[in-house]
Amino acid sequence: MEQNLFVYNTLSRKKEQFEPLSAPHVGMYVCGPTVYSDVHLGNCRTFISFDLVFRYLTHIGYKVRYVRNVTDAGHLEGDAGDEGEDKIEKKAKLAQLEPMEIVQKYTVDFHDTMQVFNVLPPSIEPTATGHIIEQIELVKQILAAGFAYEVNGSIYFDVERYNKTHDYGILNRRNLEDLINNTRDLGGQDEKLGKLDFALWIKAKPEHLMKWPSPWSLGFPGWHLECSAMSNKYLGKQFDIHGGGIDLMPTHHTNEIAQNIASCNKIPANYWIHTNMLTVNGQKMSKSLGNSFLPQQLFTGNHSLLNKGYSPMTVRFFMLQAHYRSTLDFSNEAMEASEKGFKRLMNALALLDGLKASATSEVEVAILRQRCYDAMNDDFNSPVLIAELFEAARIVNSVKDGKLKIDAENLAILGQLMHDFVENVLGLKNEQAANNDLPKVLDMIVNLRNEAKSNKDYATSDKIRNGLQEIGFQLMDGKEGTNWSKI
RNA sequence: GGUCGGAUGGCCGAGUGGCUAGGCAGAGGUCUGCAAAACCUCCUACAGCGGUUCGAAUCCGCUUCCGACCUCCA
């Protein structure tokens, strides 16, 4: 916490010094996935971005309670507005499954995918269906405060009424008239008094499967409600950071803030962090546009836009090479560049242990370390951090080649710095197979080859090297012997 | 249509008034039996047109193009 961290706050549209409400504790809420289908790569980018935030806050000494929800009910489908079908229920009917079967399947898939990307689990991962009571209580409070009304068993939030005493556009910076004038007329919204009003509680139709009793009807909660209720429950009325994809900002987060303020007159979070979109050919990756990749397709290369597969850590590195607030465009060329860069960084990390210290040092590593912190303190600037780490890699390689001298003290700092930032902060890890007999076998083959080589039997030595290359191992002859690495 | 944001070298991508990241690709060199890796050197760009300034990729205006949101979305 000696770090002077600055965070870009969507509320102020500025970078602000990060000051938690009660350090060293930090409360962070991030809107998680709706578990009605596989997470795609764009979703993953958001959670990887917040994983970086979580990891860095933790690294600099904060005790973070990280809450990321799973939406397993109440999320309405498409153009029909609040009359639309629950996404999960729709999928369940199609697949002739219980809604909770769908939820279970895609929750497991989500967790697996997060693990593959080395995304740390949040401290608490609450579900909407697990907090129906809390949501009903919240609706009661909003009703009592006079910012909601009931029509035929459904409850709607009265946006125009709310805006008379509060600023509805505090986050999205839009005035109400503009919003009203630019809102399309949608079908099936007869019940609502105002165009911008949104549902807090929806009365279920008879055929609806997911429904719960409430004072108003047998029904289900509106989508925006769960995040208000659950952040309030686990982090309090006010907490430090609220995050999510930038596409959630104009509507979902705007409504969330309105709900919280309407119920307890406090804006829930001080810092609002929004991550930008992953694009494909310049267009947002999204399920509805049909241009999304599943992580599995990326790993295997099984997609028409892909030349080959890329490993999870390559993908993670690719994403961290762009700043979280910039759009990131996906392409094969960019992925291949990241694949090589990632390998270069990890090779340097692996060489650290074998480096020998000199009596004197030609490098001052503490300066580099400070530059790494400076990068992250500037709104989690991982691309700049990675640039600094490539400088660290250059030092490692030069020392290894005997071209640069480093003393024990600087070597220790260098090692610490690289492990801290590459593994703990960026969350990158080596993907090579470990803990088996393979290294011993390879070392033996390498020794055989070196015997042939010292006899100038290059036909044999090249045969061994080429053979290993074909099955995925690259040999590298150096002054101090031969190294191998997985290609 | 309204609101907001973006346009950086062959590709990706940082940077917000002078010091002009980084990765990948490309060229040359060192090393090496040859490779590979590594190291060194080179390629030095900011959509266009005006303006402000001693000085602009960075600030202002206009133009062109692209995107996001306005409707579920990470």
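These numbers come from the heavy atoms of this one structure, side chains and all, not from hydrogens, waters or symmetry mates. Note on naming: letters A, B, ... go to the chains in the order of the sequence lines (proteins, then strands), and numbering restarts at 1 for each one.
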Which part of the nucleic acid, if any, lies within reach of A/Ile246 when heavy atoms closer than 4.0 Å are counted: base, sugar-phosphate only, or nothing?
nothing
Both conditions, 6.0 Å and 45 degrees, for the charged tip of A/Arg344 above the ring of A/Phe390: are they met here?
no
Where the side chain of A/Ser326 is concerned, which of B/rG22, B/rA14, B/rA74 is the nearest nucleotide?
B/rA14
Rounding to the closest angstrom, what is the interatomic distance between B/rA45 and B/rA7 at atom C1'?
13 Å
Just compare B/rA74, B/rA21, B/rG13 and give me whichever is closest to any side-chain atom of A/Leu328.
B/rG13
From the list B/rA74, B/rA21, B/rC69, which nucleotide is the closest neighbour of the side chain of A/Pro250?
B/rC69
Using OP1 and OP2 only, check whether a side-chain N or O of A/Lys284 sits under 4.0 Å from B/rA74.
no
Please give the nucleotide sitting opposite B/rC39 as a Watson-Crick or G-U wobble pair, both distances under 3.5 Å, or none.
B/rG29
With no hydrogens and no angle check, just 3.5 Å: does a side-chain donor-acceptor pair link A/His253 and A/His224?
no
Could you check, using the six-membered ring where one of them is a Trp, whether A/His208 and A/Phe220 have ring centers closer than 6.0 angstrom?
yes
Side-chain donor/acceptor of A/Arg45 to base of B/rA74, under 3.5 Å
no
Can A/Gln474 and A/Ser485 be counted as having a side-chain donor-acceptor contact under 3.5 angstrom?
no
Under 4.0 Å between any heavy atoms, over every strand shown, what does A/Pro383 touch: base, sugar-phosphate, or nothing? Just pick one.
base
Is it true that the side chains of A/Asp407 and A/Thr360 contain a donor and an acceptor less than 3.5 Å apart?
no
Considering only heavy side-chain atoms of A/Ser461, the closest of B/rA68, B/rA35, B/rG33 is B/rG33
Just the rounded figure in Å: distance from P of B/rC24 to CG of A/Leu345.
10 Å
Write down the distance separating the P atoms in B/rC46 and B/rC62, rounded off to the nearest Å.
23 Å
Check this for me: does the side-chain of A/Arg394 come within 3.5 Å of the base of B/rC40 through a donor and an acceptor?
no
Report which part of the nucleic acid A/Ala337 touches: base, sugar-phosphate, or nothing (heavy-atom distance under 4.0 Å, all strands).
base
Are A/Lys340 and B/rA25 close enough that a side-chain N or O sits under 4.0 Å from OP1 or OP2?
yes
Pairwise C1' distance for B/rU20 and B/rG9, with rounding to whole Å:
13 Å
Would you tell me if any nitrogen or oxygen in the side chain of A/Asn397 comes within less than 4.0 Å of OP1 or OP2 on B/rA38?
no
Which nucleotide in the list B/rC70, B/rA14, B/rC11 gets nearest to the side chain of A/Thr251?
B/rC70
I'd like to know if the side chain of A/Thr482 pairs up with that of A/Asp477 as donor and acceptor (distance under 3.5 Å, no hydrogens or angles considered).
yes
Would you classify A/Met249 as touching base, sugar-phosphate or nothing, given that sugar-phosphate means primed atoms plus P, OP1 and OP2, and contacts are heavy atoms under 4.0 Å?
nothing
Which whole-number value in Å describes the distance from A/Met476 CE to B/rA36 P?
12 Å
Would you say A/Arg344 reaches B/rA38's phosphate, i.e. side-chain N/O to OP1/OP2 under 4.0 Å?
yes
Between B/rU44 and B/rA57, how far is it from one C1' atom to the other, in whole Å?
13 Å
Describe the nucleic acid contact of A/Leu278 in one word from base, sugar-phosphate, nothing, applying a heavy-atom distance below 4.0 Å.
base
Sugar-phosphate, base or nothing in reach of A/Ser398, heavy atoms under 4.0 Å
sugar-phosphate
Who pairs with B/rU3 - Watson-Crick or G-U, where each distance is under 3.5 Å
B/rA68
Using a heavy-atom cut-off of under 4.0 Å over every strand shown, decide if A/Gly282 touches base, sugar-phosphate, or nothing.
sugar-phosphate
OP1, OP2 of B/rU3 versus side-chain N and O of A/Asn172: anything below 4.0 Å?
no
Nearest-angstrom distance from the residue atom CE of A/Met277 to P of B/rC72
15 Å
If I take atom CE in residue A/Met319 and atom P in nucleotide B/rG23, what distance separates them, rounded to the nearest angstrom?
22 Å
Between A/Phe50 and A/Tyr66, does the ring centroid distance fall short of 6.0 Å?
no
Within the pair A/Thr327 and B/rA68, is there a side-chain N or O less than 4.0 Å away from OP1 or OP2?
no
B/rG22 C1' sits how many Å from A/Phe342 CZ, rounded?
17 Å
By nearest-heavy-atom nucleotide on RNA chain B, the more 5' of A/Asp329 and A/Ile386 is A/Asp329
From CG of A/Asn332 across to C1' of B/rG10 the rounded distance in Å is 16 Å
Can you tell which of B/rA14, B/rC69, B/rA21 lies closest to the side chain of A/His323?
B/rA14
Rounded to whole Å, the NE2-P distance (A/His252 to B/rA68) equals 21 Å
Could you give me the CA-CA distance, side-chain angles and deciding distance for A/Tyr156 and A/Glu191, then say whether side chain to side chain donor-acceptor pair (under 3.5 Å) is met?
CA-CA 9 Å; A/Tyr156 296 95; A/Glu191 288 185 350; 2.7 Å; yes
A/Tyr106/A/Tyr36 aromatic ring centres below 6.0 Å:
no
Would A/Phe390 count as stacked on B/rG23 if the rule is ring centres under 5.5 Å and plane angle under 30°?
no
Does a distance-only test, which skips hydrogens and angles, find a donor-acceptor pair under 3.5 Å between the side chain of A/Asp477 and the base of B/rC34?
yes
Any A/Arg13 side-chain nitrogen or oxygen under 4.0 Å from OP1 or OP2 of B/rC4:
no
Taking 4.0 Å as the cut-off, does a side-chain nitrogen or oxygen of A/Arg173 come that near to OP1 or OP2 on B/rG2?
no
What does A/Lys453 touch in the nucleic acid at a heavy-atom separation under 4.0 angstrom: a base, only the sugar-phosphate, or nothing?
base
5'-most contact on RNA chain B (nearest-nucleotide basis), A/Ala322 vs A/Glu391, goes to A/Ala322
On a whole-Å scale, what distance lies between the P atoms belonging to B/rG55 and B/rC19?
15 Å
Does the separation of the ring centres of A/Phe299 and A/Phe117 fall below 6.0 angstrom?
yes
Would you state whether a donor and an acceptor, one from the side chain of A/Asp462 and one from the base of B/rG33, lie under 3.5 Å apart?
yes
For B/rG55, give the paired nucleotide (Watson-Crick: N1-N3 plus N6-O4 or O6-N4; G-U: N1-O2 and O6-N3; both under 3.5 Å), or none.
none
Rounded P spacing from B/rG1 to B/rC72 in Å:
23 Å
Which of these nucleotides, B/rA36, B/rG33, B/rA74, is closest to any side-chain atom of A/Arg465?
B/rG33
Can you tell me the distance, in whole Å, between the CG atom of A/Asn347 and the P atom of B/rA38?
7 Å
